[in-house]
Protein chains: 2
Amino acid sequence: MLTSQRRALISARLVRDGQIVAGELAQELDLSEDTIRRDLRDMAAAGLLKRVHGGALPLAPPLPDLESRQAMSTGVKQRLGRKAADLVRAGQLIFIDGGTTNAELVRALPRDMALTIATHSPAIAALLEKHRAEVILIGGRLYKHSMVSTGAAALAAIGTLRPDIFFLGATAIHAAHGLTTGDYEEAAIKRAIAAQSAETIALMTGEKFGTVSPHHITGIENIAALILPADMAPDTSAPYRQKAVRIIEA
Amino acid sequence: MLTSQRRALISARLVRDGQIVAGELAQELDLSEDTIRRDLRDMAAAGLLKRVHGGALPLAPPLPDLESRQAMSTGVKQRLGRKAADLVRAGQLIFIDGGTTNAELVRALPRDMALTIATHSPAIAALLEKHRAEVILIGGRLYKHSMVSTGAAALAAIGTLRPDIFFLGATAIHAAHGLTTGDYEEAAIKRAIAAQSAETIALMTGEKFGTVSPHHITGIENIAALILPADMAPDTSAPYRQKAVRIIEA
DNA sequence: CTTGACTCTGCGCGATATTGCATGATTTAT
DNA sequence: ATAAATCATGCAATATCGCGCAGAGTCAAG
């Protein structure tokens, strides 16, 4: 790869991602970090970017929305959300759990798709304003930590639904202990939704693998598909591949 | 995440939220609280914010924010919302209708007040995340235009509540025709909530006065208080003053 | 064809920066 | 008044940095 090509790529990435992380780019291009650092140093001297510890930033900050979203490194979650959206078919009733990863799923859903979407997360419901889909909001007492409806009212409302797909978010996943979360009520709700649904699909970011939280949701064998980042360590994801779960890499 | 990005995020949050809570931000960014504290300490030393126990505050009241908000003509809604918030007492159960004016009411509510707040608006519910109040979310089919729960499920859930105050939003208000709105289901829901509540308080911006929408909610005589802008034409508000309604000017 | 100047790249090294944890002090809430 | 939360500090582990050096490739003059 030519130097000028590489520098053009750096400029393009700054526009696209709003940031450059020297170590990541070196690994991606199979170059030493020194080379990237030299590029960044030179380009900073040429006034093309702002050098910071760990990488570089654009001289003028990008759009506020883009900034805040990518600052929180939602790239992984975006990829998971897109893969999940690919599994949805027109006419289905899908249930979407709370959480920022599932929010990315909503953002990835085509706005004009004919769907019925149920959720117990007000944040997810609010995101669906511009979508054509019919939205069923599950009410109840809001559990403050994860901001989803819980309690008897929520359980009763869920009992009337038979979703085709339940997109599940959990706090932790472990080969032996399955999917777990931190709150008793929250776990009960997720269990109830999963029991009503034809299939449950879990979206999990890498740091959750191999960890366990106090309250059990369901075993891995009850998950129809597990969506996880493609760049995970192979031995981390190996136990789940053996459990005959469908693995989707994003 | 790059350090300088994180600090930029902190600055952005200070403008947006008017405060930083160290523990919350640490959890959200998956960092130790020490790192956030160090950021706040350094930024305070650099004169970018004011360090306080538990987090940080902006140095000066965020003028640009206020400016841009009022440029979007939400200034009136903010004033209405503040006056409405003044009517709330600790320990009460209040029901908050949907809409941007009621969103300002939520923003004006003290975050640490002991309350139970019911709402059928996912947007209002999402705003209450940082509040100490218990939140009861009314579920149902989301009516897309105003993004509130409607239908039998919502009506049933409302029937179990006896709110002290219902903060009502409506599309139109007229001395003879009372409060009206554009959707049949929405009107039915608002009627049901008002019927359950000890008192109903309406927040109305100036342009709604003297107008009528197709579906009737309730008459002016059933409104305990009407909060309206102070800078309205006197003859516009005169008919409502004569109806023995309590008028609160904001 | 050979040689030398030049550039680019990767590696090693010591210096610096960042982060998380432990500890004891301080503040806040109940 | 007591418990819990928050804080500052020191320390150790890790990441990143800048610099010098050497090998590989390029190019042009000899």
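Excluded from the calculations below are hydrogen atoms, water molecules and symmetry mates; all remaining heavy atoms, backbone and side chain alike, are included. So you know, we letter chains A, B, ... as the sequences are listed, proteins then strands, and number each from 1. Everything numeric in this text was worked out from a predicted model, so none of it was measured.
Whole-Å rounding puts the A/L29 CG to C/dC8 P distance at 17 Å. The distance from atom CD1 of B/I36 to atom P of D/dC7 is 11 Å, rounded to the nearest whole Å. The CG-C1' distance, from B/L25 to D/dC7, rounds to 17 Å in whole Å. B/M1 has its CE atom 18 Å from the C1' atom of C/dG20, to the nearest Å. Atom pair A/D39:CG and C/dC8:P shows a separation of 10 Å (rounding to whole Å applied). If you take CG of B/L2 and P of C/dA17, they are 16 Å apart, rounded to a whole angstrom. In this entry the distance linking CG of B/D42 with P of D/dC7 reads 14 Å, nearest Å. The interatomic distance linking A/Q27 (CD) with C/dG10 (C1') rounds to 16 Å, in whole Å.
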Nucleotide-resolved protein contact map, nucleotides 10-25 of chain D, B/S/- at heavy-atom distance under 4.0 Å: ------SBSB------
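Within the 4.5 Å cutoff, the side chain of A/M204 has no heavy atoms near those of the A/I227 side chain. Side-chain contact between A/T101 and A/L105: absent, with no pair of heavy atoms (C-beta onward) separated by less than 4.5 Å.
Considering all non-hydrogen atoms of both residues, A/V52 and A/L57 come closest at CG1-CD1, 4.1 Å.
Note on B/R79 versus B/E104: no salt bridge recorded, every NZ/NE/NH1/NH2 to OD/OE distance being 4.0 Å or above. Taking 4.0 Å as the cut-off between side-chain N and carboxylate O, B/E134 and A/R141 count as a salt-bridged pair. Taking 4.0 Å as the cut-off between side-chain N and carboxylate O, B/D42 and B/R7 count as a salt-bridged pair.
An OP1 or OP2 oxygen of C/dC21 is reached within less than 4.0 angstrom by no side-chain nitrogen or oxygen of B/S32. Look at A/T35 and you'll find a side-chain N or O under 4.0 angstrom from OP1 or OP2 of C/dG10. An OP1 or OP2 oxygen of C/dC8 is reached within less than 4.0 angstrom by no side-chain nitrogen or oxygen of A/R7.
A salt bridge (charged side-chain N to carboxylate O under 4.0 Å, His left out) with B/E28 is found for one member of B/R13, B/R6, B/K130 and no other, namely B/R13.
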